[in-house]
Amino acid sequence: WSAKIRETIVARKIAQRWPRSRILAEYLNRSSFGNRRLGPEAASQAYFGKSAGDLTLAESIYLAGLPQAPTRLNPWTHPERAAKQYQQSLARLRARGAIDQTQFSLFAKAPPEVQHHAPADFAPHFVQALRAAHPKLCGTVTTTLDLELQARVEKILRAHLANLNRYDIEQAAVVILENQSGAVRAMIGSSNFSSAENNGALEPRSSGSTLKPFVYLQALDQHLLTAASILPDTADAIRDIYRDYDPQNYSHRFFGPVRLREALACSLNVPAVVTLSRLGARSAFYDMQKWGFVFPSALDTYGAGFVLGNAEVRLIDLASAYAGLARGGRSGNATFLAGEHPARARLASAEACAIITDILSDNQARARTFGLTSPLAFSERVAAKTGTSSGFRDAWTIGFDREHTVGVWAGNFSGASMRDTSSVQAAAPLWAALMHDLLQRDHALPPPELSPALSRHEICRATGLLPSARNPATISELFLAGTEPSVSSADHFDEAGHLVLGSEYARWCASNDNVAGAQVKRVAQITNPAPGSHFQIDRDLAPRQQMIEFISTLGRDAKWFVNDQPQLPQPDGRTFWQVEPGAWNVRVVDRDGDAETKISVE
């Protein structure tokens, strides 16, 4: 009754302010005529292929009866009911004197012919994918598609591309899956099927950083790493592992020692490759295929860079894999037909999946790369991961709430670059708009369920070890049973509270990226050049372009000698030596000790 009272008040206000012609127009333009057609113009175009202004009287009478029950009177799925409603409308009009007997007889004898559209007109990319998944399918079937959601997604996608207003970003694709069943609830493969029949949901594209969570997940489950494990993000961290591979971060900065949580949340490249090396690239690549990824080429083609985007994936497979993560580690391909129940294999523990999901939901952890107000920032708990391919050709954002997984791709089917536009700009806003739409009915992710197999502990923020008095900054972290830290972080700080690192961080500590003032442990060691290095002079290059930077664990105050000849530092404190042919003894001296190494130049 309270709702009716409010509606009555609003109705009186409208009647006082608007003429009746406008009230009627506003009402009709909001009325559903079935099949997602709102208003007489949309219905006229759909059912008779003409504008509403060109309808005959009989056609107008036919359409006028549909809003009474748009689903029950659907002309495409229940034509007999729509025809019966048409006859009832004619009878009422004749009884009211709105039409004469001649018109009544003519209209009743020759009802208007409705044009029937093929099912592909509803969601052409979905039908395309359905036929690819079930090539022998025929007859009438019930699909998993949610037509109302599909209509909203189409509208949001086109609005996103219009808001971007970029000639170099022509296309986008969306897949929305129901987590538990894997059912495809919405699929759009391009901005316009009639002009671009390519299906971006089925097209293999460079994966960017979207595969990283599955590499870290495997490392967690094997107890090789924890979310608190320190990984190196430095320019030289993997040169001894992959000598011809030199990945960079999107920001072109290196963060030094980072916890796994930060490495994944900030999508750092070097820690991902370091993790891959500990797992074994072939093992990780094989494990990835279990999640449903069908890579066009073998591992030898991609190398270790497959984890950073060298490998191509399909949006539908990517969404399926993330839905498996949302299911707690149970695999399963996407389904297109109602009643399909694909086999579910256990690929990872629910507890390890809970940790990865928690990281992907942690807006604080991703702040160093994305900031606190990016499109990925939600007040609700929602998991999200972005990916940008080399040359800015593909932009991805993928993530999930409790009920649905949403995958978005943006780019150009031609493979043209998006002019330095990352996924946060090209894909994340569309993903966020879709997720906000779903959250009007969906639920946010629940907090991780703690158990004997999954616990939470306070750790030192800088080292991932047990807190100590030397550095009071702590953070709460999740651990699988048996992986909790047991060592104090005290030995990793000096008396002033500065972080003390091993010699492998010497180059990074001496760089401008070391904004926290971390120091290398004062043990005399030359880290560059490596012991026994052999150099060759390039006669085509100017001598000043052929220099070696001397780096040691003793810091910039140390003094350098080459065959006992002192080498003066640059104004910024770094020391370089212009190479000359011969055998050389390189020595560094400091109050804490000295070290030397031998090199040769040819």
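Hydrogens, waters and symmetry mates are skipped; everything else that's a heavy atom, side chains included, is used. Counting begins at 1 with the first residue of the sequence.
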Original post:
After noting the C-alpha distance and the side-chain angles of T405 and N179, does the key distance pass the side chain to side chain donor-acceptor pair (under 3.5 Å) rule?
Top reply: CA-CA 6 Å; T405 293; N179 291 337; 2.6 Å; yes
Subject >> Flag if over 12 foreign heavy atoms under 6.0 Å of CZ, R346 >> reply: yes
Subject >> Between CD on residue Q150 and NE2 on residue H125, distance to nearest 0.5 Å >> reply: 9.5 Å
Original post:
Quick one: does S533's side chain have a donor or acceptor within less than 3.5 Å of a partner on A530's backbone?
Top reply: yes
**OP:** Report yes if the side chains of K212 and L308 come closer than 4.5 Å at any heavy-atom pair, otherwise no.
**Re:** yes
**OP:** Would you name the heavy atoms of S423 and T386 that are closest together and state the gap between them?
**Re:** OG-CB, 3.1 Å
**OP:** Would you please say whether a donor-acceptor pair under 3.5 Å links the side chains of T527 and R507?
**Re:** no
**OP:** Flag yes if more than 12 heavy atoms outside E148 fall under 6.0 Å of its CD atom; otherwise flag no.
**Re:** no
Original post:
Is the NE2 atom of H534 crowded by more than 12 outside heavy atoms at less than 6.0 Å?
Top reply: yes
Subject >> Parallel, tilted or perpendicular, as decided by the 30° and 60° cut-offs, for the rings of F336 and F126 >> reply: tilted
**OP:** Evaluate the side-chain proximity of I398 to W396: yes if any heavy-atom separation is below 4.5 Å, no if none is.
**Re:** no
**OP:** Just do the side chain to side chain contact (heavy atoms under 4.5 Å, CB included) check on M288 and F306 with the steps written out, would you?
**Re:** CA-CA 10 Å; M288 208 76 69; F306 84 84; 3.6 Å; yes
Original post:
Do S422 and T388 have side-chain atoms, one donor and one acceptor, less than 3.5 Å apart?
Top reply: no
Original post:
For residues N35 and N74, is any side-chain donor paired with an opposing acceptor at under 3.5 Å?
Top reply: yes
Original post:
So, do T226 and L480 sit near enough that their side-chain heavy atoms are less than 4.5 Å apart?
Top reply: no
**OP:** Using a 4.5 Å cut-off on heavy atoms from C-beta on, say whether the side chain of L318 contacts that of S207.
**Re:** no
Original post:
Is the centre of the Y322 ring less than 6.0 Å from the centre of the F214 ring?
Top reply: yes
Original post:
Above 12 or not: heavy atoms from other molecules or residues under 6.0 Å from CD of Q364?
Top reply: no
**OP:** State whether a side-chain donor-acceptor pair under 3.5 Å links Y505 with N514.
**Re:** no
**OP:** Assess whether side chain to side chain contact (heavy atoms under 4.5 Å, CB included) is satisfied between D442 and R402, documenting all intermediate values.
**Re:** CA-CA 7 Å; D442 283 5; R402 187 185 297 186; over 6 Å; no
**OP:** Assess the side chains of Q171 and S191: does a donor N or O sit below 3.5 Å from an acceptor N or O?
**Re:** yes
Subject >> Heavy atoms of other groups near R544 CZ, more than 12 under 6.0 Å >> reply: no
Original post:
Which atom names give the shortest non-hydrogen contact between D394 and S389, and what distance separates them?
Top reply: N-OG, 2.8 Å
Original post:
Within a strict 4.5 Å, meaning less than it, do heavy atoms of the T397 and T210 side chains meet?
Top reply: no
Original post:
Considering only heavy atoms from C-beta outward, does the side chain of L149 approach that of I176 to under 4.5 Å?
Top reply: yes
**OP:** Verify whether one side chain among E178 and H404 offers a donor that lies under 3.5 Å from an acceptor in the other.
**Re:** no
Original post:
Looking only at heavy atoms, which two atoms of A338 and T144 are closest? And how far apart?
Top reply: N-CG2, 3.9 Å
Subject >> Over 12 non-hydrogen atoms of neighbours within 6.0 angstrom of CG in N512 >> reply: no
Original post:
Side chains of F413 and E170: does their closest heavy-atom pair fall under 4.5 Å?
Top reply: no
**OP:** Starting from the C-alpha separation in whole Å, work towards a yes-or-no answer on salt bridge (charged side-chain N to carboxylate O under 4.0 Å, His left out) for E203 and R314.
**Re:** CA-CA 6 Å; E203 191 74 19; R314 303 189 308 166; over 6 Å; no
Original post:
Do T234 and D236 meet the criterion of a side-chain donor-acceptor pair at a distance under 3.5 Å?
Top reply: yes
Original post:
Does the side chain of S44 pick up a donor-acceptor pair with the side chain of E41 at under 3.5 Å?
Top reply: no
Original post:
Do we see a donor-acceptor contact under 3.5 Å between the side chains of S267 and S209?
Top reply: yes
**OP:** List for me each residue that meets side chain to side chain donor-acceptor pair (under 3.5 Å) alongside H436, sequence neighbours excluded, and say none if there are none.
**Re:** none
Original post:
How many angstroms lie between atom CG of L268 and atom CG of L260, to the nearest 0.5 angstrom?
Top reply: 10.5 Å
Original post:
When you look at F285 and F295, which way does the ring pair (Phe, Tyr, Trp, His ring centres under 6.0 Å) test go after all the steps?
Top reply: CA-CA 10 Å; F285 188 77; F295 300 112; 4.8 Å; yes
**OP:** Might you point out which heavy atoms bring L445 and A383 nearest each other, and give the distance in Å?
**Re:** CD1-N, 3.5 Å
Subject >> Spatial distance of atom OG (S511) from atom CD1 (I551) [nearest 0.5 Å] >> reply: 9.0 Å
**OP:** Please round to the nearest 0.5 Å and tell me the distance separating atom CD1 of I188 and atom CD of E154.
**Re:** 4.5 Å
**OP:** Indicate yes or no: at least one non-hydrogen side-chain atom of N199 is less than 4.5 angstrom from one of M187.
**Re:** yes
Original post:
For R419, does its backbone N or O pair with a side-chain atom of S417 as donor and acceptor, under 3.5 Å?
Top reply: yes
Subject >> Ion pair D401/R441, N-O distance below 4.0 Å >> reply: no
Original post:
Salt bridge check: are D362 and R261 linked by an N-O gap of less than 4.0 Å?
Top reply: yes
**OP:** Return the minimal non-hydrogen interatomic distance between P375 and A432, and the atom names on each side.
**Re:** O-CB, 3.4 Å
**OP:** Scan side-chain atoms only and decide if D513 and W508 contain a donor-acceptor pair under the 3.5 Å cut-off.
**Re:** no
Subject >> Interatomic spacing from CG in D437 to NZ in K155 - rounded to 0.5 Å >> reply: 10.0 Å
Subject >> Stepwise side chain to side chain donor-acceptor pair (under 3.5 Å) test for R393 and S206 >> reply: CA-CA 8 Å; R393 292 178 173 84; S206 173; over 6 Å; no
**OP:** Would you please test E262 and R368 for side chain to side chain contact (heavy atoms under 4.5 Å, CB included) and show each step?
**Re:** CA-CA 8 Å; E262 294 178 291; R368 293 173 74 176; 3.2 Å; yes
**OP:** Just do the side chain to side chain contact (heavy atoms under 4.5 Å, CB included) check on L347 and R330 with the steps written out, would you?
**Re:** CA-CA 6 Å; L347 300 180; R330 289 179 290 117; over 6 Å; no
Subject >> Aromatic contact, W291 with Y286 (centres under 6.0 Å) >> reply: no
Subject >> Inter-residue atom distance Y216.OH - L224.CG, 0.5 Å rounding >> reply: 13.0 Å
**OP:** Heavy atoms only: give me the nearest L157-L430 pair and the separation to one decimal.
**Re:** CA-CD1, 3.8 Å
Original post:
Looking just at side-chain N and O atoms, do D221 and S349 make a donor-acceptor pair shorter than 3.5 Å?
Top reply: yes
